[in-house]
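Here is the structure we will look at, set down as structure tokens.
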Amino acid sequence: MARYNAKESEQRWQREWDSRLTFVTANDTSRPKCYVLEMFPYPSGRIHMGHVRNYTMGDVIARFRRAQGFNVLHPMGWDAFGLPAENAARDGGINPRTWTYANIDAMRSELKALGLAIDWSREFATCDPSYYAHQQKLFLDFYKDDLVYRHEADVNWDPVDMTVLANEQVIDGKGWRSGAAVERRKLSQWFFRITRYSEDLLNALDTLDKWPEKVRLMQKNWIGRSEGLRFSFDLSNLTSLDVFSTRPDTLFGASFVALSPDHPLTEELAKTDETLRDFIAECRRTGTAEAEIETAEKLGYDTGLTAAHPFDPNWKLPVMVANFVLMGYGTGAIFGCPAHDQRDWDFATKYKLPILPVVVPEGETSVDISKEPYVGPGRIFNSRFLDGMDVGTAKNEVASRLEKDGKGQRTVNYRLRDWLASRQRAWGCPIPMVHCATCGVVPAKESDLPIKLPDDLDFSVKGNPLDAHPTFKHTTCPKCGAKALRDTDTLDTFVDSSWYFARFADPFSADPVNRDAVNYWLPVDQYIGGIEHAILHLLYARFFTRAMHATGWARVDEPFASLFTQGMVCHETYSVADNSAQGSHFVLPDEIEKRGDSAYLKGTETPVIVGASEKMSKSKKNVVAPMGMIDVYGADSIRWFMLSDSPPERDTDWSETGAEGCWRFVQRIWRLVTEAEDLPAPGTKVGEVSGAALELRQAAHKAIAAVTEDLAALRFNRAVAQLYTLANAIQQNASVDGAVRREALETIVLLAGPMMPHLAESCWEALGHTTLLVDTPWPSFIAALTKSETVTIAVQVNGKRRAELTLAVNAPEAQVRAAALADDGVVRALEGKAPKKVIVVPNRIVNVVV
RNA sequence: GCGGGCGUGGCGGAAUGGUAGACGCACCGGACUUAAAAUCCGUAGGGGCGCGAGCCCCGUGCCGGUUCAAGUCCGGCCGCCCGCACCA
């Protein structure tokens with residue numbers, strides 16, 4: 001029999017599925033649905049192994065659920081706006097649209113070569129005007145509902161590229177492209193009011209029980225809820241100052257009040273204080289990088305103002321400006337209680353401010369704060385009317401008194417900030433707003449949507465090419481008709497990915513979404529992607545879904561019922577010594593060969609240093625191109641590799657020997673199927689069997705039960721192991737023929753179907769079927785056949801295994817006990833002593849205690 | 001610093017508190033072959049005893065505990081990984 005020709009078979013079945021429209025999904029609301037979605041890719045031009053792993057997992061789920069009878073939606077699209085296209089335009093003079101769509105074409109054909117069960121009829125790219133038109137409409141709807149607003153904010157400004165940068169694009173205080181020191185600028189920008197849902201986004205995390213705990217925790221920390229008291233100090237300049245504290249119980253331990261360098265009051269004072277101006281400048285020079293924050297020294301500046309203690313107008317506290325007080329949290333001002341807060345302690349120690357303890361640990365009479373602050377629970381002392389109260393009671397007492405005086409208010413504070421969505425970028429969704437000299441900011445008319453990006457942008461200009469375009473920004477005011485200017489900012493590309501899953505429900509809808517379709521398909525039943533999106537994308541999508549609910553476009557709040565975050569694909573790194581500053585440079589896996597335990601550059605004696613396995617990345621050159629591997633081993637082998645061995649949530653190592661092993665298994669299944677002779681016709685019933693035939697039947701039915709369970713739980717590595725076990729059983733029971741052999745072969749082929757769809761289709765055909773495997777229902781098992789009639793029971797004496805018994809399943813306890821005690825090994829281990837106790841765990845184990 | 005996760009053969013990993021190492025990769029031995037490839041069969045955690053069938057001891061990062069029984073549960077360490085981080 002000829003070897004399995006993966007390339008031929010894969011092309012053939014892909015054409016077959018295509019021409020039959022097998023994976024085109026109808027919005028048939030009468031059927032139970034299953035929406036399977038993997039995070040859509042950025043069209044960089046080539047798929048990488050991470051894509052292969054991600055899309056293979058999703059595909060297995062989609063095909064599995066489809067076989068189980070669900071109406072499965074499994075679409076694909078492109079997260080197509082973004083910087084790389086602009087960089088290509090700037091560096092290579094290519095139109096970003098041309099560049100992006102060429103990449104999409106290339107990647108689409110690569111994804112198709114994987115044999116994914118995708119409804120390509122629903123494909124769209126976020127840079128299609130037919131997509132972003134609807135995004136502009138949603139933006140306007142959100143604006144009407146006050147979910148979008150314009151606000152002046154400090155932003156990271158790159159003075160060389162003349163654009164705002166996202167926080168992630170600022171590395172060690174410098175622009176990631178230009179390398180220029182980033183400046184802080186105040187600019188009017190568009191924001192999404194995500195903080196309207198702070199509480200709900202936090203609370204609803206508890207309902208997302210099919211999300212990884214880790215992701216929920218990360219979001220929880222990101223939202224950062226804390227309860228405290230907001231209250232004001234009267235200042236010596238006759239103004240008052242709001243502070244926020246979670247520890248108002250320590251108010252009598254206060255020794256200073258501190259302002260952020262960015263606080264409005266600081267700025268006001270700086271107008272007439274040159275030294276303060278210098279101090280602010282120095283604070284701003286300190287970067288925001290992790291290492292710098294860790295080592296950053298506390299810096300303070302005494303403004304000369306004083307603040308009166310809220311409970312004692314004669315008690316004056318110095319008002320400082322401190323570099324560790326953040327304008328972005330709370331009110332941008334604090335009171336410092338050095339005895340019970342680490343930062344305040346550091347600060348007070350440095351500037352010789354009083355450190356007065358006011359909390360003593362429960363049951364103790366004093367507290368030592370000479371070396372470090374005490375931040376634990378306890379009782380209040382040194383605090384007048386609070387003395388003797390525990391921390392919680394004291395918090396309440398302070399809050400009640402200040403609330404009564406109208407000086408304070410219990411508040412819940414969140415770390416979550418509103419989402420700054422403006423970008424001074426040309427390759428993004430234009431913000432549909434117009435600036436009119438008389439009417440101010442006016443929304444574009446809906447009839448004017450989409451506000452289209454012009455095709456003739458000049459990327460050689462500094463700053464935003466959209467702003468530099470000769471005509472784009474010139475328009476008329478939708479309100480008064482006078483000449484006006486368009487907003488030339490575009491939306492953060494995270495906006496594009498915040499609702500694409502809803503558009504897939506009906507990508508042809510004339511509205512942003514087709515409500516009926518969205519109500520049928522959402523939430524996504526299984527979402528799969530990388531952990532790197534744990535916060536931003538997933539939080540934004542959760543916000544957007546709520547905002548769409550509020551504006552009438554959706555009925556659900558949570559877009560993703562079940563989330564799975566898959567691990568990364570890693571590979572060894574290879575490097576060769578050279579005279580560079582680093583002393584070596586990386587080389588591609590293709591460029592090396594291994595001889596024995598050493599590695600060399602191919603065909604040379606130049607030694608190669610084999611480094612640790614790390615996430616595949618271009619910079620480390622430890623990348624293996626999926627298409628090359630598919631060429632050699634076929635898509636099914638590569639899919640199988642991605643599912644084998646490593647649990648899907650963990651990182652996995654690419655290895656060529658592993659891929660070869662998968663290829664051998666593909667051939668093995670093909671051989672098992674094609675070498676079977678004289679099989680009865682498809683559909684032949686299996687009669688009563690015993691012996692080896694029964695064993696084979698049991699192996700098949702056990703495999704059905706196990707694989708079904710494993711796939712449902714996304715335990716692909718275990719499903720893979722089950723199929724190896726079944727293959728071994730088929731091979732070991734070579735003498736079994738007839739209907740039982742057919743049943744076993746059909747079982748392995750059907751179970752392998754979601755994972756190796758092309759091979760399975762070819763095998764199904766070879767087994768004499770005239771219908772497609774992809775249209776065949778998932779097999780069911782006979783429960784009685786998933787259990788053997790005998791069971792091996794271990795016998796322990798005092799917890800150590802001394803014997804094995806083979807007995808009938810569910811043998812009576814007395815019989816098990818008798819057999820155990822009669823066993824030679826057990827008798828020997830007992831050394832003539834009488835058992836004190838015999839524990840019999842049915843069908844599992846016996847433990848004899850002496 | 002705070003939060004979370006993980007630690008099992010040469011490697012990836014399996015194991016509702018119940019025979020630790022399923023399954024795969026690599027390695028080794030054998031068969032087939034003129035030879036190779038492919039394929040098939042077999043051994044394999046460490047140590048010891050026995051001619052042998054087999055038997056014994058040790059073993060899931062370390063120390064202790066609970067239990068008839070612990071990779072699994074509890075307490076305390078050690079190590080690695082990830083996330084957040086001057087959040088008042």
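Just so it is clear, the values below take in all heavy atoms, side chains as well, and ignore hydrogens, waters and symmetry mates. By convention in this document, chain letters (A, B, ...) are assigned in the order of the sequence lines, proteins followed by strands, and residues within each chain are numbered from 1.
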Assign [X] to base, sugar-phosphate, or nothing according to its heavy-atom contacts below 4.0 angstrom with the strands shown.
{"X": "V849(A)", "result": "sugar-phosphate"}
{"X": "D341(A)", "result": "nothing"}
{"X": "N413(A)", "result": "nothing"}
{"X": "Q342(A)", "result": "nothing"}
{"X": "D653(A)", "result": "nothing"}
{"X": "L326(A)", "result": "base"}
{"X": "S644(A)", "result": "nothing"}
{"X": "V720(A)", "result": "nothing"}

When the [atom1] atoms of [N] and [M] are considered, how many whole Å apart are they?
{"N": "C41(B)", "M": "C51(B)", "atom1": "C1'", "answer": "26 Å"}
{"N": "U60(B)", "M": "G52(B)", "atom1": "P", "answer": "29 Å"}
{"N": "G10(B)", "M": "G83(B)", "atom1": "C1'", "answer": "33 Å"}
{"N": "G5(B)", "M": "G54(B)", "atom1": "C1'", "answer": "44 Å"}
{"N": "C55(B)", "M": "G64(B)", "atom1": "P", "answer": "31 Å"}
{"N": "C27(B)", "M": "C77(B)", "atom1": "C1'", "answer": "37 Å"}

Donor-acceptor pair, side chain of N843(A) and main chain of N810(A), under 3.5 angstrom: yes

Keeping the roles fixed (side chain from R817(A), backbone from V840(A)), state whether a donor-acceptor pair exists under 3.5 Å. no

Please give the nucleotide sitting opposite U34(B) as a Watson-Crick or G-U wobble pair, both distances under 3.5 Å, or none. none

When you measure from the side-chain N and O atoms of [X] to the phosphate of [N], is any distance below 4.0 Å, counting only OP1 and OP2?
{"X": "N728(A)", "N": "G24(B)", "answer": "yes"}
{"X": "R650(A)", "N": "G13(B)", "answer": "yes"}
{"X": "R664(A)", "N": "C25(B)", "answer": "yes"}
{"X": "R671(A)", "N": "C40(B)", "answer": "yes"}
{"X": "N717(A)", "N": "G24(B)", "answer": "no"}

Give the C-alpha distance, both sets of side-chain angles, the deciding distance and a yes or no for salt bridge (Lys or Arg N to Asp or Glu O under 4.0 Å) between E227(A) and R410(A). CA-CA 8 Å; E227(A) 287 179 11; R410(A) 285 182 177 90; over 6 Å; no

Using the ring centroid of each side chain, check whether F564(A) and W211(A) are separated by less than 6.0 Å. no

Q796(A) or S655(A), whichever maps to the more 5' nucleotide of RNA chain B: Q796(A)

Nearest heavy atom decides the nucleotide; on that basis, is K800(A) or Q732(A) closer to the 5' end of RNA chain B? Q732(A)

[X] has a side chain; which of [options] sits nearest to it?
{"X": "A794(A)", "options": "G4(B), U19(B), C86(B)", "result": "U19(B)"}
{"X": "E804(A)", "options": "G18(B), A88(B), U19(B)", "result": "U19(B)"}
{"X": "R668(A)", "options": "C25(B), C40(B), C23(B)", "result": "C40(B)"}
{"X": "Y329(A)", "options": "A22(B), A88(B), C68(B)", "result": "A88(B)"}
{"X": "A721(A)", "options": "G83(B), A85(B), C23(B)", "result": "C23(B)"}
{"X": "Y724(A)", "options": "A88(B), C40(B), C23(B)", "result": "C23(B)"}
{"X": "N221(A)", "options": "G3(B), U16(B), C87(B)", "result": "G3(B)"}
{"X": "R801(A)", "options": "G4(B), U19(B), G18(B)", "result": "U19(B)"}
{"X": "P647(A)", "options": "G13(B), G18(B), A26(B)", "result": "G13(B)"}
{"X": "I845(A)", "options": "U19(B), C23(B), A88(B)", "result": "U19(B)"}

Donor-acceptor pair present, [X] side chain and [N] base, under 3.5 Å:
{"X": "R802(A)", "N": "U19(B)", "result": "no"}
{"X": "K298(A)", "N": "C86(B)", "result": "yes"}
{"X": "R343(A)", "N": "A88(B)", "result": "yes"}

Specify the glycosidic conformation (syn or anti) of G9(B), with syn defined as within 90° of 0. syn

Quick one: closest heavy-atom pair of C570(A) and S613(A), and the distance? CB-OG, 3.4 Å

Would you say the side chain of V827(A) lies within less than 4.5 Å of the side chain of L821(A), judging by non-hydrogen atoms? no

K220(A) atom NZ: more than 12 heavy-atom contacts under 6.0 Å: no

Mutual orientation of the aromatic rings belonging to F233(A) and F231(A) [parallel < 30°, tilted 30-60°, perpendicular > 60°]: tilted

